[in-house]
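I have placed the structure first, in the form of structure tokens, so that the comments after it can refer back to it.
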Amino acid sequence: MNERQSFYKNIYKIAIPVTLQSLLMSLLYLTDQLMIGQLGDVAIASVGMATKIFGIISVVLAGLSIGVSVYAAQFWGNKDSKSISQVLGIGLFTGILLSLSFSIAVYFNPSFFLGLFTTDTSVTDGGAIFLQIVAISYVPTMLTMMYSAILRSTEHAKWPMYVSLVSVILNIILNYMLVFGHFGAPEMGLKGSAVATVISKIVECVLIIGVVYAYRLPGATGMRNLFIIPKPLIKKFFSTSYPIILTELVWVLGETVYAIIYSRMGTTEMTAMMMTSPLQGLSIGLLTGLSSAAGVMIGNKLGAGEFDTALAHARRFVKLGITISLILGVIVAAISPLYVKAYNVSDEASRLGVYIILVFAGFLWVKVSNMIMAGGILNSGGDSKYVFAMESAATWLIGVPSGLLLSFVWKQPVFLVYLVLSCEEVVRFMLGWVRLTSKKWMKNLVSDVSA
């Protein structure tokens, strides 16, 4: 088998399960939105705002799991299983501190967090009920993320996919029962959707940990190997991982500012943005597997010291992502009118929704390229400080000022605001491609800390 054949075989093993898992989660979000959408504009906006709060928390945890994945992939390439367990221990200890703190803060004061996004009391009242219950799921969600990161980085990506399939099916069934009161269950509306989310997340967490220990997969070890960790590894892990966490936080804070901008433009504009989010997530989710595969495969090669192969993989991943996302963008644009008709919203919200989807479709290729370059390739070599600088500059020097001026000063329509904000992705692409071709991101992170 030649190098090119090996490349695509590994993509199949890693990217397909990750893509299917992302697709499942996006379909779940879409199903949730469609069910809640039957309750009207205010219900959609309430859940959308509550989801934004969870988005902030989840991306911080995602940043931590990316750090775990980066080191696990390089240790796997270096054939060092013991250090993989120690990296998992770092992720679990830090993740518990973060997720538990978030859970307590949001549970006891959900209205405060929602008030950061909107002053519409009808939205905050409904969203507070949903958000308070969902806060219970933050710790099990973190556990699932850490163990899934280890499994994907060690060529066991199929297991998180299987577990997600069970969780998604359970969530959809429970939503149908508890939101509308079917099969003898009480009709709970938004509260029912939140309860369904918590139950499915707990089940997902139990299943993923159970699978790891039942099949003795990487990460199935005793407390001693998990939490007795050499200081050099701890120091090196956080020196690489803290910029990743900051990058995710900066990105989501930027997205939060954008959400505030859209919400302050009016309930109709906010509804239009929120109802397009599932389709956007579904589209990006279809190509998330490429980013994950890039991080794992290139990380394995860097850990093994095969730098030329790592660079060849990087170039091939970017080209592949652009090709597939251009095709997908055409499909998304074509189905946009049919998609918005599935919602029980006003004609104006539907019209704006179509325009927003068309803008998204036009920028999909560059969004996917940036996801692969920053999240997959550059981070795989520990180039997290450059990624942080790149993401921060694009968001806070271009995106946020443009959004504030267009919406509050020049009073432009929401789809035009979204169009200009999306231009920051082009800046990211140029900065990322220059860095990739410079080869400065290519580092073996584990040669001096391997067990």
Side-chain angles (χ1 to χ4, degrees), residues 26 29-30 33 37 41 44-45 47-49 51-52 55-56 59 117-118 120 123 250-285 287 325-326 328-343 345-371 391 393-429:
S26 297
Y29 183 36
L30 176 59
Q33 285 284 69
D41 288 19
I44 295 175
V47 174
M49 290 295 100
T51 303
K52 288 293 182 183
I56 297 173
V59 298
F117 290 88
T118 179
D120 189 331
V123 172
V250 164
W251 176 81
V252 79
L253 288 176
E255 292 295 308
T256 301
V257 173
Y258 299 156
I260 293 172
I261 290 172
Y262 299 137
S263 66
R264 297 301 172 99
M265 294 178 75
T267 301
T268 300
E269 287 79 3
M270 180 169 58
T271 300
M273 285 300 304
M274 293 305 170
M275 75 177 181
T276 65
S277 294
L279 183 60
Q280 294 188 33
L282 181 61
S283 302
I284 296 292
L287 297 168
S325 55
L326 283 173
L328 182 59
V330 173
I331 296 172
V332 169
I335 67 170
S336 57
L338 296 175
Y339 173 80
V340 298
K341 286 182 180 179
Y343 288 88
V345 297
S346 63
D347 291 341
E348 179 65 9
S350 296
R351 183 182 69 86
L352 293 175
V354 170
Y355 292 158
I356 291 167
I357 294 172
L358 292 177
V359 173
F360 168 76
F363 282 91
L364 180 59
W365 72 271
V366 72
K367 289 176 181 287
V368 170
S369 300
N370 291 337
M371 177 177 66
E391 295 285 348
T395 298
W396 294 97
L397 298 182
I398 300 173
V400 171
S402 299
L404 293 172
L405 286 172
L406 285 164
S407 59
F408 297 141
V409 179
W410 296 325
K411 308 294 183 182
Q412 296 300 306
V414 64
F415 63 87
L416 185 58
V417 175
Y418 182 56
L419 172 64
V420 175
L421 290 180
S422 297
C423 290
E424 73 177 59
E425 297 285 355
V426 178
V427 176
R428 284 195 183 97
F429 178 82

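Along the sequence shown, residues are numbered consecutively beginning with 1. We use all heavy atoms of the structure for the numbers below, so side chains are in, but hydrogens, waters and symmetry mates are not.
The aromatic rings of Tyr343 and Tyr339 stand perpendicular to each other, their planes meeting at an angle above 60°, with 30° marking the opposite boundary.
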Original post:
Going through the distances and angles, do Arg428 and Ser369 end up as a side chain to side chain donor-acceptor pair (under 3.5 Å)?
Top reply: CA-CA 9 Å; Arg428 284 195 183 97; Ser369 300; over 6 Å; no

**OP:** List the steps and the verdict of side-chain contact (heavy atoms from CB on, under 4.5 Å) for Thr267 and Thr271.
**Re:** CA-CA 6 Å; Thr267 301; Thr271 300; 4.0 Å; yes

Original post:
Is there a side-chain contact (heavy atoms from CB on, under 4.5 Å) between Phe360 and Tyr355 once you walk through the steps?
Top reply: CA-CA 9 Å; Phe360 168 76; Tyr355 292 158; over 6 Å; no

**OP:** Let me see the working for Leu358 and Phe415 under side-chain contact (heavy atoms from CB on, under 4.5 Å), right down to the final yes or no.
**Re:** CA-CA 9 Å; Leu358 292 177; Phe415 63 87; over 6 Å; no

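Nearest heavy atom pair, residue Ile261 against residue Gly403, reads CD1-C, 3.7 Å. Of all heavy-atom pairs spanning Pro413 and Met265, the tightest one is C-CE, 4.0 Å. Closest heavy-atom contact between Ala272 and Gly353: CB-N, 4.0 Å.
In this structure Val340 satisfies the side chain to side chain contact (heavy atoms under 4.5 Å, CB included) test together with Met275, Ser350, Val354, Ile357, sequence neighbours excluded. Partners of Glu269 under the salt bridge (charged side-chain N to carboxylate O under 4.0 Å, His left out) rule, at least two apart in sequence or in another chain, do not exist in this structure.
Distance check, rounded to the nearest 0.5 Å: CG of Leu405 to NZ of Lys411 gives 11.5 Å. If you take CH2 on Trp365 and CG on Leu287, they are separated by 14.0 Å, rounding to the nearest 0.5 Å. Within the model, atoms CG of Asp347 and CG of Leu352 stand 11.0 Å from one another, a figure rounded to the nearest 0.5 Å.
Using modelled atom types, no side-chain atom of Glu425 and backbone atom of Cys423 make a donor-acceptor pair closer than 3.5 Å.
When side chains are defined from C-beta on, Tyr262 counts as touching Tyr418, because their heavy atoms get closer than 4.5 Å. Looking at heavy atoms from C-beta onward, Val420 lies out of side-chain contact with Gln412 at the 4.5 angstrom threshold. Tyr258 is listed as a side-chain neighbour of Thr395, based on a closest heavy-atom distance under 4.5 Å. In this structure the side chain of Leu364 reaches within 4.5 angstrom of the side chain of Leu328, judged on heavy atoms.
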